Protein chains: 2
Amino acid sequence: MTKTDVLTLAILGILRDQPLHGYQIRKRLGAELGPFRALSYGSLYPCLRRMVEAGLIESAGEEPAGASPASSRRARIAYSLTDAGRTRLAEELASAGASSWDDDAFDVRFSLFAHTDAATRLRILEGRRSRLSERLEEVAEGLKRMHERHDAYTAELQRHGLEQVEREISWLDRLIENERSAPGGDNPGPTPTGH
Amino acid sequence: MTKTDVLTLAILGILRDQPLHGYQIRKRLGAELGPFRALSYGSLYPCLRRMVEAGLIESAGEEPAGASPASSRRARIAYSLTDAGRTRLAEELASAGASSWDDDAFDVRFSLFAHTDAATRLRILEGRRSRLSERLEEVAEGLKRMHERHDAYTAELQRHGLEQVEREISWLDRLIENERSAPGGDNPGPTPTGH
DNA sequence: GACCAGTTGTATCGCACCGATACATCGGAG
DNA sequence: CTCCGATGTATCGGTGCGATACAACTGGTC
């Protein structure tokens, strides 16, 4: 139970370091994961509500602070992690189940690698790799069995898809090798977490 | 009005040459568009129902044919295009609006290129190209502005995303050049539509 | 100082789609 | 003969998306 969905995880991750408004969460997430995967408010706000209900985050409704006119203060709601949220994030970051290398989950998981320990990183990368290998198999299979009933365009589409997957795999191979040869610390790379 | 959604278009396309059952539709579509984009029954059947209601397709409920026992005949429903459906498909294939190069529509549109005239093909490819160019811009922008607040992993994710888009664009460039230098017929390539 | 456009910000509604699931029949392998 | 996997139709709950509405602050321009 308590299956943490991807969106929830992403939000937990983005709130790890500072409290943020809904709007900022959306922007940050969009920036970190690329312009694809931009989540809409239609998913964000309901998810935030769910998380508040579950006690993972809490909302701080920025009070007027002082004897300002009356009521006109603009509504801004900053969300921050609760202890429960922080715990859940830690649990989630330590896990490496199949749900870590699903198509839609992997990116989010990867973007949190800086806060994931080395062993888990490696397991996720390998899991993702093997998932993509299966896929490669499938596509190659289909492409071979495609002798009959094929026009040039659908064939080209297949070929292109195949290449995409191959490329993705070799990207993972690079990362995996990198992980293996690295000191194994929690925070590799030249950039020291930013101060 | 009468906005044809992608799924509807895909089905119209797959039924162009022969009537098929829901199950077969799903398999074919999955095979043509790759293992990604495999649509689930949860979308397929409702869509088929909608299409029947709209008069685009009709269902032929394979009757027992003869004095077979009683009722045991397995339910199999073959769907075929109506004249309206055929017309709609033709309209859709002749159009080349922004909805032709959306992320989710392009593949389907492309897989129907064998039945699309040369001018439309070119326009769609170019539309897709320019859409991806915009995206490239965005990502590059974000990557540049990423000096502050970046760990090695999110940076790598960005870099990888950037490369993906670049590759996609050069794939399109190849296709576009190919289109331009080709005879301009409706059915290029060595494969003669299959007999 | 008046106006207008763009950004920040919260929020909801309908719709389409996915994943899981249930059920039934058929062909073949053990 | 029986079990398994493919074929086949169908629905349900949940969830994410796109569009949209509303509101206040920000900054530029005449």
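First the proteins, then the strands, lettered A, B, ... as listed; each starts at 1. Bear in mind the structure is a predicted one, so any value in this text is a computation, not a measurement.
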Contact under 4.0 Å: B/Y23 side-chain N or O vs D/dT7 OP1/OP2: yes
Between A/S170 and A/D173, a side-chain donor and acceptor under 3.5 Å: no
Sugar-phosphate only, base, or nothing, as touched by A/R26 at under 4.0 Å among non-hydrogen atoms: nothing
A/H21 NE2 to C/dT10 P, straight-line distance once rounded to whole Å: 6 Å
Basic-acidic side-chain contact under 4.0 Å: A/R123, A/D117: no
Interatomic distance, A/L48 CG vs C/dT10 P [rounded to whole Å]: 9 Å
Rounded distance (Å) that lies between atom C1' of C/dC13 and atom CZ of A/R49: 12 Å
Pair A/E126 + A/R131: basic N to acidic O under 4.0 Å: no
Give me the distances for all protein-to-nucleotides 14-16 of chain D N/O pairs that come in under 3.5 Å?
unit_1 : atom_1 : unit_2 : atom_2 : d
D/dG16 : OP1    : A/D5   : OD2    : 3.3
D/dG16 : OP2    : A/R50  : NH2    : 3.4

Ion pair A/D103/A/R135, N-O distance below 4.0 Å: yes
Under 3.5 Å side-chain donor-acceptor pair for A/T154 and A/D151: yes
Whole-Å distance separating the CG atom of B/L44 from the P atom of D/dT11: 12 Å
NZ/NE/NH1/NH2 to OD/OE distance under 4.0 Å, B/R167 and B/E163: yes
Rounded distance (Å) that lies between atom C1' of C/dT10 and atom CG of A/L20: 15 Å
Value in whole Å for how far the C1' atom of D/dT20 lies from OH of A/Y45: 14 Å
